[in-house]
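For reference, the structure discussed in these notes is given below.
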Amino acid sequence: MTASHAASDASGADLALSSVTKRFGSFTAVDDLDLLVGRGQFFALLGPSGCGKTTTLRMVAGLEEPTAGRIDLAGKDITRLKPYKRPVNTVFQNYALFPHLNIFENVAFGLRRRGVKDVKGQVQDMLDLVELSSYGGRRPGQLSGGQQQRVALARALINRPQVLLLDEPLGALDLKLRRQMQIELKRIQTEVGITFIHVTHDQEEAMTMADTIAVMNEGVIEQMGGPTELYDNPATTFVSNFLGQSNLVAGEVLGQSGHELVVAVEGSKLGVPMDRARSTSGAVWVGVRPEKVFLAASGTETEDNDNVLRGAVVTDVSFIGVSTQYLVRMPWSQELTVFEQNTGARESFRPGDAVDLHWMAAHTFVLDAAQDAHAGDETYDADLAPAGAGT
Amino acid sequence: MTVADVGRVVEGTEDEPPRRPRRRSGWATGYLLLLPGLLWLVLFFAVPTIQLVATSLYDQAGSLDTGYAMTWSFGNYLDALSTYRQPFLRSLMYATVATVAALLLAYPLAYAIAFKAGRFKNLMLVLVIAPFFTSFLVRTLAWKSILSDNGFIVQTLQTIGILGPDGRLLATSVAVVTGLTYNFLPFMVLPLYASLEKIDPRLMEAGKDLYANGFTSFRKITLPLSMPGVVAGTLLTFIPSAGDYINSELLGTPQQYMIGNVIDNTFLVQLNYPIAAACSVILMIVIVIMVLVYVRRAGTEELV
Ligand SMILES: Nc1ncnc2c1ncn2[C@@H]1O[C@H](COP(=O)(O)OP(=O)(O)O)[C@@H](O)[C@H]1O
Ligand SMILES: [Mg+2]
C-alpha cells in the first residue's frame with residue numbers, strides 16, 4: 001500500500017505523531033501512524049467507523065497511552081503527560097456535558113480548575129460567541145442537541161488550547177443543522193486561529209471544512225493532503241472510493257510516451273499524466289471520476305488527446321436535478337458511472353442507447369493493481385455485484 | 001463574532017429541547033396500581049400510628065388490667081424527655097457515628113464495584129448482600145464473641161498496646177457503634193453503588209481533559225453526581241440505627257442503652273404504655289425533622 005508518510009522533522013508543526021501504535025490486547029487499533037499538523041490548521045481525520053480515529057484523538061488528549069511511538073506538541077514530548085496537564089481540549093463525540101452543572105459552570109469548568117481570573121467575563125464572551133448568552137442558568141438536559149453541541153465547543157474553546165480535538169462533533173445533528181454548524185465551526189476556527197483536529201466519517205464534511213485531510217483506514221493513514229489534491233489525485237483505491245466515487249478499470253502498462261504513461265485497457269490505449277500514476281509498470285487500475293466523463297453517441301469523433309472507451313450501453317438513468325447519473329455497461333460487462341451536468345447543451349440518453357465514454361487524459365489516474373478495487377466503497381456489496389465487475 | 005444567523009435558524013428547526021412527555025389517558029390505571037399499596041399503608045402504618053399517638057396521650061395512672069383513660073396528657077412527653085434524655089441523645093449520637101463510619105467504608109467499596117470490579121462485579125454485589133442470608137440476631141451474637149475479652153481482636157490490641165491490660169471492647173460504646181455500622185453497611189453500599197454505576201465514565205474523562213486531576217475530578221464530578229446515593233444510603237443507615245436496640249442489648253450494657261431499649265423496656269417490662277408510646281412518637285418526630293433538614297441541605301431534588 002502506498003500510504004504517504006509524513007516527514008519526521010517537526011519544524012513548524014504544532015503536533016507531531018511519530019510511529020504511534022495502539023494495541024488493545026492482540027488487536028491493533030492504530031498502526032505505526034505518522035502525522036504532522038501545522039499550527040492554526042483545520043485538519044480533518046477522515047475514515048470509516050472503527051478505523052481508529054477516536055483512539056488517535058484520545059492518545060493526543062492523553063486519555064489513552066500509546067503502545068509505541070511518541071507525540072510532540074510544539075516541540076515538546078507529551079507522550080506520557082497526564083491529560084489535565086496538556087494544553088489540548090476535546091469536544092467529545094457524545095458532548096459529555098456535566099449534567100449536575102448549569103451551562104455557565106460547564107463552560108467555566110476549565111477556567112476554574114486553572115485558577116483563571118475574570119471567569120464571568122470570559123464565559124459570557126464565549127456564550128455570546130456560540131449564541132447561548134441567555135442559557136447560562138440552564139442544565140444541559142434542558143437544551144437541544146445543537147445547543148448542547150455548542151456548549152461542548154464553548155467549554156473546550158474557552159481554554160484557548162494549542163490544539164482543539166473534535167470527535168465527530170456534528171454526528172448527532174440532523175443534516176440541515178449539520179451543514180449550518182460546519183460553516184459556523186469553520187468560521188470560529190478562522191477567528192480564533194487555534195489548530196483544530198476534526199474527526200469525521202463524512203467525506204463531504206471533511207472536504208468542505210478542512211485545509212488538510214488525512215484519510216485513515218484500519219489504523220493507518222492512507223493519504224494526506226488538501227481536499228482537491230486528495231480528490232483529483234488519490235493514492236489508493238480506498239481514497240478514490242471513500243472520497244467521492246471512482247470508476248476503476250483494469251489495465252496493463254505499455255510504456256511511456258513523453259509525459260504520459262500509456263496503458264492498455266480492453267483493447268483501447270489510454271494516456272495518463274506521469275505525476276498521476278502511482279504505479280508505472282505491469283497490471284494497474286486506471287481511474288477516472290464519474291463527473292469527468294462525457295457520453296457521446298456511439299462512433300462520434302473525439303478530441304485527439306482524449307481517452308476513449310467505446311462500445312458501452314446505457315443501463316440506467318437517474319435524473320437528480322442538477323445532474324443526471326448514468327450507469328453504463330462496458331463490453332467486458334463491468335458497469336461504470338457517469339455524471340452529466342444538466343446544462344441543456346448536451347443530448348441526453350435512454351437505457352439501451354449505445355454510447356462511447358471519453359474524458360481528458362489529464363483527469364485520469366493510475367493505481368497499483370495489488371489493491372482491492374472496492375476498498376472504501378461503502379455502497380458496494382460483493383454478493384450483489386454482477387460477475388466480472390471491477391476485475 | 002456571533003453565530004446569530006445560525007442561532008436563529010436553530011430555534012426554528014425540529015432540533016428542540018426535550019419536553020416532559022404529557023400523558024392524558026391511563027390515569028385510572030395509575031390509581032388502580034396504587035390501590036394495594038395504599039390499603040397496606042392505611043392498615044399497617046396509618047392505623048397503628050394513630051393508635052400509638054393516642055396511647056401516648058393516655059393517663060399514666062391506668063394499666064393493662066384496668067384500662068387507660070384518654071386524658072390528653074401532653075405531660076407524658078415532658079416526663080419521657082426528662083427521664084430518658086440520655087438514651088435519646090445517645091441514640092442520635094451512635095446512629096450518626098455509625099452512619100459516618102458506614103459511609104466512609106461503603107463509598108470506596110461501592111466505587112470499586114462500580115468502576116474497577118470488571119467481571120467480578122456481580123460476585124462482589126452478592127458478597128455485599130450475603131450477610132442477609134443469616135439472621136441479624138445471629139450475626140450480632142457472632143460479633144459478641146469476636147469482640148469478647150479473650151477474643152483474638154482484644155488480645156491483639158492488648159499486645160500492641162492500643163488497649164490496656166484491662167481494656168475491653170465488648171460492653172463499650174465502640175462495640176455498639178461497630179455493630180450498628182456492620183449491620184447496616186449493605187444499606188449504604190447498595191444505593192451508593194446504584195448511583196455511582198449510573199455515572200458515565202466519559203464525564204470523568206471530560207473532567208481530566210478540562211484540567212481536573214484525579215482528586216478534583218472526584219470532588220467536582222463523581223461526588224456530586226453520586227449525592228442521590230449518599231443521601232439514600234445515609235438515610236437507610238441512620239434511621240434504623242437510631243431505633244435499633246439489638247446491638248446495644250447484645251454488645252453493650254445499660255450504660256450504652258439506646259432509646260430502642262427504653263421503649264422495649266417501658267412497653268414490655270414496666271408496662272407503662274403511655275410513656276413508651278410517647279418515646280416512640282418523639283423518636284419518629286425527631287427523625288422526620290432531621291431527615292427533612294438533611295434532604296433540603298443536600299439539595300437532591302435537582303439531582304434525581
Ligand atoms: N478500549 C478498547 N478496548 C478494545 N478495543 C477497542 C477499545 N477502544 C477502541 N477499540 C477498537 O479499536 C478500533 C478503533 O476504534 P475507534 O478509534 O473508536 O474507531 P473510530 O473512532 O474510527 O470509529 C475499533 O475496532 C474498536 O473496537
Ligand atoms: Mg469514533
Side-chain angles (χ1 to χ4, degrees), chain A residues 58 61-63 82-90 92-101 105-106 109-115 125 128-133 138-139 141-148 150 152 155-156 158-159 161 165 173-174 176-177 180-181 183-185 187-188 191-192, chain B residues 1-21 115 118-119 195-232 297-304:
Chain A
R58 287 172 60 82
L63 298 171
K82 297 271 185 234
Y84 49 86
K85 291 189 174 155
R86 297 186 186 204
V88 170
N89 291 108
T90 309
F92 289 88
Q93 199 159 2
N94 62 333
Y95 312 144
L97 299 179
F98 303 125
H100 60 298
L101 300 178
E105 285 304 325
N106 262 281
F109 196 91
L111 296 184
R112 295 213 192 281
R113 299 291 82 72
R114 289 182 299 144
D125 287 349
D128 287 344
L129 177 70
V130 296
E131 182 73 5
L132 289 171
S133 341
R138 298 230 200 150
R139 293 288 169 112
Q142 297 168 310
L143 299 192
S144 72
Q147 292 166 334
Q148 290 185 26
R150 287 182 279 155
R155 187 180 70 169
I158 196 168
N159 303 293
L165 308 173
L173 308 181
D174 62 47
K176 197 171 146 204
L177 197 57
Q180 291 163 354
M181 283 306 299
I183 297 164
E184 210 44 53
L185 263 183
R187 212 177 76 201
I188 290 175
E191 279 182 20
V192 297
Chain B
M1 344 208 268
T2 64
V3 291
D5 30 2
V6 166
R8 262 195 301 279
V9 187
V10 167
E11 313 308 328
T13 65
E14 306 91 305
D15 183 60
E16 292 196 339
R19 294 218 177 84
R20 278 171 204 284
F115 297 120
R119 62 204 172 89
S195 70
L196 281 169
E197 206 256 351
K198 269 196 303 197
I199 300 177
D200 185 346
R202 287 175 294 195
L203 294 177
M204 302 168 198
E205 291 190 339
K208 281 192 201 151
D209 189 64
L210 293 164
Y211 313 102
N213 60 27
F215 178 67
T216 313
S217 284
F218 174 76
R219 210 162 44 88
K220 292 290 175 186
I221 301 165
T222 316
L223 187 59
L225 286 174
S226 66
M227 275 317 278
V230 172
V231 170
R297 292 283 304 273
T300 44
E301 307 93 322
E302 297 177 336
L303 288 170
V304 280

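Excluded from the calculations below are hydrogen atoms, water molecules and symmetry mates; all remaining heavy atoms, backbone and side chain alike, are included. Within every chain, numbering begins at 1; the chains are lettered A, B, ... in the order of the sequence lines, protein sequences first and strands thereafter.
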(request) Scan B/L203, B/D200, B/I199 and name whichever one has a side-chain contact (heavy atoms from CB on, under 4.5 Å) with A/P99. (result) B/L203
(message) Please classify the contact between A/R86 and chain B as side chain, backbone, both or neither, with a heavy-atom cut-off of under 4.5 Å.
(response) backbone
(message) For a 4.5 angstrom cut-off between non-hydrogen side-chain atoms, does A/L101 reach B/P224?
(response) no
(message) Between A/I183 and chain B, with a heavy-atom cut-off of 4.5 Å, which part of the residue counts as in contact: side chain, backbone, both or neither?
(response) neither
(request) Would you mind telling me which of A/L97, A/L165, A/T90 has the largest number of heavy-atom pairs within less than 4.5 Å of chain B? (result) A/T90
(request) Sort out for me which of A/R114, A/Q142, A/K82 touches chain B most, counting heavy-atom pairs under 4.5 Å. (result) A/R114
(message) As an exercise: rank A/R58, A/R138, A/K85 by heavy-atom pairs under 4.5 Å with chain B and give me the winner.
(response) A/R58
(message) As a quick check of understanding, evaluate side chain to side chain contact (heavy atoms under 4.5 Å, CB included) for A/F109 and B/I221, giving each step before the final call.
(response) CA-CA 11 Å; A/F109 196 91; B/I221 301 165; 3.9 Å; yes
(message) Give the interface residues of residues 209-216 of chain B toward chain A, defined by a heavy-atom separation under 4.5 Å.
(response) B/D209, B/L210, B/Y211, B/A212, B/N213, B/G214, B/T216
(message) For B/K220 versus A/H100, what's the shortest heavy-atom pair and its separation?
(response) O-NE2, 2.7 Å
(request) Indicate the atoms forming the closest heavy-atom contact of B/R202 with A/A96, along with that distance. (result) O-CB, 4.1 Å
